[in-house]
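Lettering of chains follows the sequences in order, A, B, ..., and the numbering in each one begins at 1.
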There are 2 protein chains.
Amino acid sequence: MPSLIAARLAARLGRLTASRRVVVAAVARQRGHFTAEALAAGLPIVGRATVYRTLKLLTEAGVLCRVLMEDGSLHYRLSGPGHHHHLVCVACGTIQDFSGCDVNGMVAQLAKGKAFTVEGHWLEVYGRCGGCGGGAS
Amino acid sequence: MPSLIAARLAARLGRLTASRRVVVAAVARQRGHFTAEALAAGLPIVGRATVYRTLKLLTEAGVLCRVLMEDGSLHYRLSGPGHHHHLVCVACGTIQDFSGCDVNGMVAQLAKGKAFTVEGHWLEVYGRCGGCGGGAS
DNA sequence: TCTCAATTGATACTTTGTGTCAAGACGGTC
DNA sequence: GACCGTCTTGACACAAAGTATCAATTGAGA
């Protein structure tokens, strides 16, 4: 996985510096999601500003995606390929991807009467995963 | 409108103090959306903490709703009744409500195979309103 | 190896929001 | 109208999260 990220990075970004390697390696080690601040705190040898800059680059490169948690805080996680959304478990905090949504189509229908052209959307779904009491209903 | 807000507030909250009246009046004067910080800056006679507290109360009372802008910043706006979402124009920043979504239903279908119980969702739609080139497609 | 532009790290700063606490205001009761 | 207990306020400090700046350093191509 790290090498895949590095390849994607190298294809999109400029220099693959030591600091960026450190950040990329740390990102690749993450299981689930993390905040920029937590990642920066775990990498004292890399400047905080550099961690933020690199996360931004990784997000723009499609390596990471941002997740809006229910409390309003912003997390990062390794991005699955293509357009997708997140199922956020409010009990344990785990996040699953899901794709195949037709929100744009649905919204475009609803927006027709409002003279509004849909260009994109942000959808996060909150609930409970199987291990936390979900999936039994 | 302000009297309606006051009525909703009085029904839900405790004291309707002078400070709260000022904040409620300022909120009622807003056209479109605003940030907590901007509102606080426009009300120097009311303490910043009080503005934040009152906005929180208004949100909990259903008078205001939060809107996630495309740049990640959080805005407030007067809330329409019931469950609804926002069409955010990325050109001029105007926000329209829309309701009648069946996101929960759609997501519940998709989530079935993942043993995930949907409890809620956050959906914001970005695009262009009629005045900014939208609605012509 | 050299050179130059890209990148870094340190730091200060901004923005946005919360916690604390003494002082004051509110509203019910008498 | 006065009193009293509780709620609310405002000021301030603090915290979290992110950005701006800039001199020094580094990477990568020539």
Side-chain angles (χ1 to χ4, degrees), chain A residues 5-27 30 33-61 63-77 93 124, chain B residues 5-27 30 33-61 63-77 93 124:
Chain A
I5 295 174
R8 275 206 256 176
L9 254 185
R12 299 259 205 154
L13 304 178
R15 296 176 183 171
L16 198 54
T17 65
S19 292
R20 287 188 180 172
R21 277 182 229 268
V22 170
V23 175
V24 167
V27 163
Q30 299 296 316
H33 51 100
F34 56 92
T35 63
E37 203 53 37
L39 195 75
L43 297 174
I45 58 169
V46 178
R48 219 164 58 97
T50 301
V51 172
Y52 275 97
R53 278 188 289 243
T54 308
L55 286 180
K56 195 173 183 181
L57 289 171
L58 288 168
T59 304
E60 287 168 0
V63 174
L64 293 178
C65 58
R66 299 162 123 206
V67 184
L68 180 71
M69 304 304 284
E70 208 180 32
D71 65 359
S73 63
L74 203 57
H75 288 223
Y76 289 86
R77 81 177 303 236
E124 305 284 6
Chain B
I5 295 174
R8 273 205 258 175
L9 253 183
R12 299 259 205 154
L13 304 177
R15 297 174 183 174
L16 199 52
T17 64
S19 294
R20 286 187 181 173
R21 275 182 230 268
V22 169
V23 175
V24 167
V27 163
Q30 299 295 317
H33 51 98
F34 56 93
T35 63
E37 202 53 35
L39 195 76
L43 297 174
I45 58 169
V46 179
R48 219 162 58 95
T50 301
V51 173
Y52 275 97
R53 277 188 290 241
T54 307
L55 287 180
K56 196 174 181 181
L57 288 171
L58 288 169
T59 304
E60 285 167 1
V63 175
L64 294 178
C65 59
R66 300 163 123 206
V67 184
L68 180 70
M69 304 303 284
E70 208 180 31
D71 65 358
S73 63
L74 203 56
H75 289 223
Y76 289 84
R77 80 178 302 237
E124 305 283 7

Spacing of B:Leu39 atom CG relative to C:dG17 atom P, expressed in whole Å: 12 Å
B:Leu58 CG - D:dT8 P separation (whole Å): 13 Å
Value in whole Å for how far the P atom of D:dA17 lies from CG of B:Leu74: 15 Å
Touch class at under 4.0 angstrom, heavy-atom based, for A:Leu55 against every strand present: nothing
Check: C:dG19 base within 3.5 Å donor-acceptor of B:Arg53 side chain: no
Side chain of B:Thr17 (C-beta onward), nearest among D:dT8, C:dG17, C:dG9: D:dT8
Value in whole Å for how far the P atom of D:dA17 lies from CD of B:Glu37: 17 Å
A:Ala26 versus A:Leu39, closest heavy-atom pair with distance: CB-CD1, 4.0 Å
Side chain to side chain, B:Val63 and B:Leu57, heavy atoms closer than 4.5 Å: no
Parallel, tilted or perpendicular: ring planes of A:Tyr76 versus A:Phe34, cut at 30 and 60 degrees: parallel
Given C:dT16, C:dT8, D:dA17, the nucleotide with the shortest approach to the side chain of A:Tyr52: D:dA17
Contact under 4.0 Å: B:Ser19 side-chain N or O vs D:dG10 OP1/OP2: yes
Sugar-phosphate only, base, or nothing, as touched by A:Thr50 at under 4.0 Å among non-hydrogen atoms: base
Residue met sooner reading DNA chain C from 5', once B:Arg21 and B:Ala36 are mapped to nucleotides: B:Ala36
Protein-nucleotide distance (A:Leu57, atom CG; C:dA6, atom C1'), rounded to Å: 12 Å
Options D:dA11, D:dA17, C:dT8, nucleotide nearest the side-chain atoms of B:Ala49: D:dA11
B:Thr50 side chain to B:Val46 backbone, donor-acceptor under 3.5 Å: no
Over all atoms of both residues, closest heavy-atom pair of B:Val51 and B:Ala36: CG1-O, 4.1 Å
Gap between atoms CD1 and P, on A:Ile45 and D:dT26 respectively (whole Å): 14 Å
Check: B:Arg48 side chain, C:dG17 base, donor-acceptor under 3.5 Å: yes
Residue met sooner reading DNA chain C from 5', once A:Pro44 and B:Ala38 are mapped to nucleotides: A:Pro44
A:Arg20 side chain near C:dA6 phosphate (N/O to OP1/OP2, under 4.0 Å): no
